[in-house]
Amino acid sequence: MTIGRLGVVMFLLFVIESTLVPWFIPTSLVGRLYPHFTFVFVLYAAMYGTRHKALMLGLLYGLLQDVVFYGSLLGLHTFAMGLIGYVTGLLLEKRKVTMMSALFTIAVCCMVYEIIIYAVYRVFWFTRESLAYAVVDHMLLSTFLQLGFALAVYVPARRWVQSAIPVRQPEKEEE
Amino acid sequence: MRNKRLFFLMIGLILFIAVIGFSLRDRQLSAPEKFVNDSVAYVQQWLYKPAGYIAGFFEDIGNIRSLQEENEQLRTTAAAYARDKIKYNVIEKQNAQLERDLKFTERQRQLNDYQYLIAQVVSVSSDPYNPTIKIDLGSENGIKENMAVVTVDGLIGIVSKVSAFSSNVEPITSLDEKSPNSKSISVTVLGRENDSFGIIATYDQENGRFEMTRIPENDPMIVGDTVITSGLGRVFPRGLVVGTVETTPQAGDFGLTKVASVKPQADFNRLTEVFVVKMADNEGGTP
């Protein structure tokens with residue numbers, strides 16, 4: 001798999017999360033579950049690829065989300081996805097990431113992502129919810145949704161990312 | 001090395017704030033944005049609608065029991081409709097005659113002349129604070145910013161951004177008086193259009209109700225009244241159902257006007273077909 005194909009897969013995920021997923025969310029949980037599947041792939045790229053590719057993918061798909069659903073402000077998802085992708089890559093690039101630590105990282109990053117989104121909308125007065133309410137209302141539930149998705153695609157995602165984004169660093173160490 | 005990273009982070013942060021500040025303005029979409037919007041909407045429309053059909057099919061099987069009841073209800077409504085239709089025809093003719101006699105201007109005559117454009121929903125945003133809905137009509141189909149979007153149940157949103165073949169709709173559940181680009185809807189009560197008045201500019205996310213403000217002191221509004229758009233702002237047409245009054249008006253901010261809470265009428269989830277309301281003269285109106 002090349003990086004281009006990985007991009008196509010992520011674009012399909014982006015389309016699916018805004019078209020198919022809303023139909024599968026039970027009526028009682030509408031407004032409380034928000035899928036961010038492309039973001040999960042950005043994190044996989046950060047953990048099993050390089051931080052620069054993660055930054056690039058994060059900026060690209062964040063910008064896509066921003067432009068396509070432009071309501072009142074642009075650039076928020078671009079910034080949040082790019083920043084989290086890069087920082088995750090920076091912290092974990094040279095380590096061997098097991099499945100459990102990958103899922104733990106994804107859970108933490110999803111919470112951080114939701115909190116950045118909340119914080120920016122709160123600062124610009126688009127919402128008046130308190131942070132505690134927002135955490136209980138949608139952040140925790142959405143994080144669990146993302147975790148479930150991450151677990152489901154762990155094996156193919158890891159393989160795709162590792163074949164699409166070759167990592168040079170460990171090979172040097174082996175030599 | 002570390003300093004370089006920090007430097008880029010700072011540059012990124014400044015850029016980010018600049019872009020947000022720039023995009024907060026009331027601006028039209030640029031050509032690349034329109035292109036991305038239209039192409040993505042084209043892909044999305046192949047997925048959203050079939051998924052809706054499948055989900056709708058299973059829902060229908062679930063609802064099969066209540067069909068008999070619904071059928072009876074509809075028959076009563078149809079009978080009432082047939083009766084009202086005769087009355088309406090007579091009154092419409094009379095009204096046209098009176099308008100001619102009173103020498104109404106063209107503008108006055110077209111005031112209540114609306115066109116309903118059927119649009120398909122192509123996707124919904126997965127951002128909790130920006131619940132934008134995309135529809136498959138754009139400026140090529142005559143859509144403009146700030147047009148009202150309704151379903152058969154009532155008002156659901158306002159067109160916020162327009163591309164050539166698709167547009168973004170902001171649901172009225174994201175209205176907030178204090179947000180930087182706030183919009184407000186002037187409303188009245190069905191049956192007492194000339195006596196009641198209120199402004200809906202805020203939706204309370206936590207209890208799922210609209211806040212209707214600026215209700216005059218001596219307003220005869222009571223609990224259970226149907227709230228409709230008044231059409232006074234010249235942006236929304238008259239008579240679109242918004243919801244029902246749920247609390248008796250209480251004294252508001254400074255005690256000069258009253259505040260009441262309004263329960264939304266339309267269902268904002270799982271939308272498939274919506275109508276964009278096009279007014280005869282939609283130029284030069286601000287909400």
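From a predicted model like this one, the values you see are computed outputs, not experimental measurements. Numbers restart at 1 for each chain; the letters A, B, ... are given by sequence-line order, proteins then strands.
Contact of B:Glu170 with chain A is not made at all, since no heavy-atom distance falls under 4.5 Å. Interface remark: A:Val68 contributes backbone and side-chain atoms alike to the contact with chain B (heavy atom separation under 4.5 Å). At a 4.5 Å heavy-atom cutoff, the contact between B:Thr202 and chain A is made by side-chain atoms alone. Proximity to chain A (any heavy atom under 4.5 Å) is restricted, for B:Leu9, to the side chain, taken from C-beta onward. Using a 4.5 Å cut-off between heavy atoms, B:Leu271 touches chain A through its backbone atoms (N, CA, C, O) alone. With a 4.5 angstrom heavy-atom cutoff, A:Leu33 does not touch chain B via any of its atoms. Using a 4.5 Å cut-off between heavy atoms, B:Ser167 does not touch chain A at all.
Residue B:Asn63 places its CG atom among more than 12 non-hydrogen atoms of other residues, nucleotides or ligands, all under 6.0 Å distant. Within a 6.0 Å sphere centred on CZ of B:Arg27, heavy atoms belonging to other residues, nucleotides or ligands number more than 12. No more than 12 heavy atoms of other residues, nucleotides or ligands lie within 6.0 Å of CZ in A:Phe144, so this atom counts as exposed by the packing criterion. Counting non-hydrogen atoms of other residues, nucleotides and ligands closer than 6.0 Å to NZ of B:Lys258 gives a total above 12. Within 6.0 Å of CD on B:Glu69 lie no more than 12 heavy atoms contributed by other residues, nucleotides or ligands.
In this structure, A:Ala134 and B:Tyr129 approach most closely via the heavy-atom pair CB-OH, 3.4 Å. Nearest approach of A:Tyr70 to B:Leu29, heavy atoms of both residues: CD2-CD2, 3.4 Å. The two residues A:Gly75 and B:Val19 make their nearest non-hydrogen contact at CA-CG1, 4.3 Å.
When each of A:Tyr133, A:Tyr86, A:Trp23, A:Phe24 is scored by its heavy-atom pairs under 4.5 Å with chain B, the top score falls to A:Trp23. Contacts with chain A were tallied for B:Pro128, B:Ala51, B:Ser174, B:Pro32; B:Pro128 has the most, counting heavy-atom pairs under 4.5 Å. Among B:Ser160, B:Gly12, B:Ser125, the residue making the largest number of heavy-atom pairs under 4.5 Å with chain A is B:Ser125. When each of A:Thr27, A:Leu64, A:Leu90 is checked for heavy-atom pairs under 4.5 Å with chain B, A:Leu90 comes out on top.
Atoms CG and CZ, on A:Leu74 and B:Phe16 in that order, are 11.0 Å from each other to the nearest 0.5 Å. If you take CG on A:Leu20 and CG on B:Leu47, they are separated by 5.0 Å, rounding to the nearest 0.5 Å. One finds the CG atom of B:Asp127 at 6.0 Å from the CD atom of A:Gln65 (value rounded to the nearest 0.5 Å).
Between the side chain of B:Asn168 and the backbone N or O of A:Gly71 there is no donor-acceptor pair closer than 3.5 Å. The backbone N or O of A:Pro35 lies less than 3.5 Å from a partner atom in the side chain of B:Ser126, making a donor-acceptor pair.
Using a 4.5 Å heavy-atom cut-off against chain B, the contacting residues of residues 7-15 of chain A are A:Phe11, A:Phe14, A:Val15. Proximity to chain B among residues 118-129 of chain A is limited to A:Tyr118, A:Val120, A:Tyr121, A:Phe124, A:Trp125, A:Phe126, A:Thr127, A:Arg128, A:Glu129, judged by heavy-atom separations below 4.5 angstrom.
Looking only at side-chain heavy atoms (C-beta outward), A:Phe79 and B:Ile20 stay at 4.5 Å or farther from each other. With contacts defined as side-chain heavy-atom distances shorter than 4.5 Å, the pair B:Val122/A:Thr19 does not qualify. Counting heavy atoms from C-beta on, the side chains of A:Asp137 and B:Gln205 never come closer than 4.5 Å. Proximity of B:Gln44 to A:Ser18: side-chain heavy atoms (C-beta onward) are separated by under 4.5 Å at one or more points. Annotation: side chain of B:Lys161 is not in contact with side chain of A:Phe69 (no heavy-atom distance under 4.5 Å).
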Report task. Please step through side-chain contact (heavy atoms from CB on, under 4.5 Å) for the pair B:Arg5 and A:Val87, ending with a clear verdict. Result -> CA-CA 11 Å; B:Arg5 258 179 219 149; A:Val87 171; over 6 Å; no
